[in-house]
Amino acid sequence: MKLFQITVIAAAATLASPWSLAQGQPPLKVGLMLPATGTFAALGTAIENGFKLYVDQQGGKLGGRSIEYVKVDDESDPSKATDNINKLIKRDNVDVVVGTVHSGVAMAMAKVAKDTGTLMIDPNAGADAITGPMCAVNIFRSSFSNWQPGYAMGEVMAKKGHKKVITITWKYAAGAESVNGFTEAFKKGGGTVLKDLTVPFPSVEFQALLTEIAAAKPDAVYTFFAGGGAVKFVKDYAAAGLKGNIPLYGAGFLTDGTLEAQGATADGLQTALHYGDGLNTPRDNAFRLAYAKAYKLQPDVYAVQGYDAAQILGIGLAATKGDVSKQKEFAAAVGKSKIDSPRGAFMLSKAHNPIQDMYLREVKDKENKIVGIAAKSLSDPARGCKM
Ligand code: BEZ
């Protein structure tokens, strides 16, 4: 080859955009490990919809690579989680795992992701450990830690003057951690927790515990339930005659994506969450319009988290020219970026968890209307994270 030709090829390579350099790369395989069945099935669908919407808005490519999906129904079953993620990584050779909803399943995923060095983006599960002791350069969360909405609601309830509260939730990591976050703030504000009540996950047999609450007559109740369980709990609370007598509060999952099914039984409930209705920002309005057009559905918090998981992946891939193995560069790019979320722009903490406003919402006309800020720019304490 003549010297002139070599110079031209070298110059073309220097000038080439990340997009054109990546054009020769195969599709990026995204493993979607989400629940398609069980009490969290609708949450999994919303996350997948949100993720795909963002990818579609980028012309089906992130960092210049087209996206191919491999899906597994994790059934929100922690006992199957290690096998499921290993299949995605070892059999299907995915480049990145996106999942999941259930904290117990997500912790098993994070262990495998950390051990194998696989890129993982958690689009919901709040397990504190994922951005605590299990934090890692290759693990990111687009959602929240269980501590965050709980802590925000604890502050609000103490400020409202409630003194004696009962908590009720499912007996698993998300429920326990949500209640811990709540209790930390509520006690700081001068409140007392009379009793922590639990049912096994995913049981919806609430009757005996509702009878116990009625007998104890606390000032208020704090709860964490989500998906199908949240629908049943809110209906049962009203049917037991407690609504209107003992105020019910919760982490916002209690009323997110559930209001059609809960109907009037949810009216007036106040919850704390990083998303809600009535933000009325150009960013959120555009997202809602696009989501409604694509899926003939209104988005909820889970859809936003899926959308933002894809945004995080896009930022990292743009910086690494589509190469997920460049983990430090990927993390550095994500770490210094503002994620342009429909919830409001946010940055990730050093432990890779969103630092974000927790909105106070109240249910009215089947919407979680934002009525204030429960906690501004709330960052998870990331206890135990060494990174
Ligand atoms: C969790 O298990 O972390 C979770 C499940 C549903 C909604 C929110 C959190």
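Both ligands and their constituent atoms are indexed starting at 1 by order of listing.
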Examine [X] against ligand 1 and note whether any of their N/O atoms are separated by less than 3.5 Å.
X      : answer
Gly126 : yes
Val101 : yes
Tyr172 : yes

Within the 4.0 Å heavy-atom shell around [X], which atoms of ligand 1 are there?
X      : result
Asn146 : 3 (O)
Ala125 : 3 (O)
Ala174 : 1 (C), 2 (O), 3 (O)
His102 : 2 (O)
Phe224 : 4 (C), 8 (C), 9 (C)
Phe40  : 5 (C), 6 (C)
Phe144 : 8 (C), 9 (C)

Lys/Arg N to Asp/Glu carboxylate O, [X] vs [Y], below 4.0 Å:
X      : Y      : answer
Asp128 : Arg383 : no
Asp236 : Lys232 : yes
Lys160 : Asp219 : no

Response to the item:
Filtering Asn124, Thr39, Leu43 for the heavy atom nearest atom 9 (C) of ligand 1 leaves Asn124
Which segment of [X] sits under 4.0 Å of ligand 1 when only heavy atoms are counted:
X      : answer
Phe225 : neither
Trp170 : neither
Ala226 : side chain

Worksheet item: Heavy-atom distance under 4.5 Å between the side chains of Glu48 and Tyr69, does that happen here?
Response: no
Practice prompt. Using a 4.5 Å cut-off on heavy atoms from C-beta on, say whether the side chain of Met120 contacts that of Lys114.
Written response: no
Item to complete: Return yes when atom NZ of Lys71 has more than 12 non-hydrogen atoms of other residues, nucleotides or ligands closer than 6.0 Å, and no otherwise.
Response: no
Worksheet item: Between Trp170 and Phe201, what is the ring plane arrangement, given parallel below 30°, perpendicular above 60°, and tilted in between?
Response: perpendicular
Practice prompt. Could you tell me how the ring of Tyr291 sits relative to the ring of Tyr295: parallel (under 30°), tilted (30 to 60°) or perpendicular (over 60°)?
Written response: tilted
Side-chain donor-acceptor contacts of residues 133-140 below 3.5 Å, not counting sequence neighbours, with atom names and distances?
unit_1	atom_1	unit_2	atom_2	d
Asn138	ND2	Ala113	O	3.1
Asn138	ND2	Thr118	O	2.8

Discussion item. Using the ring centroid of each side chain, check whether Phe206 and Phe225 are separated by less than 6.0 Å.
Written reply: yes
Worksheet item: What is the nearest protein non-hydrogen atom to atom 3 (O) of ligand 1, stated with its residue, atom name and distance?
Response: Ser103 OG, 2.6 Å
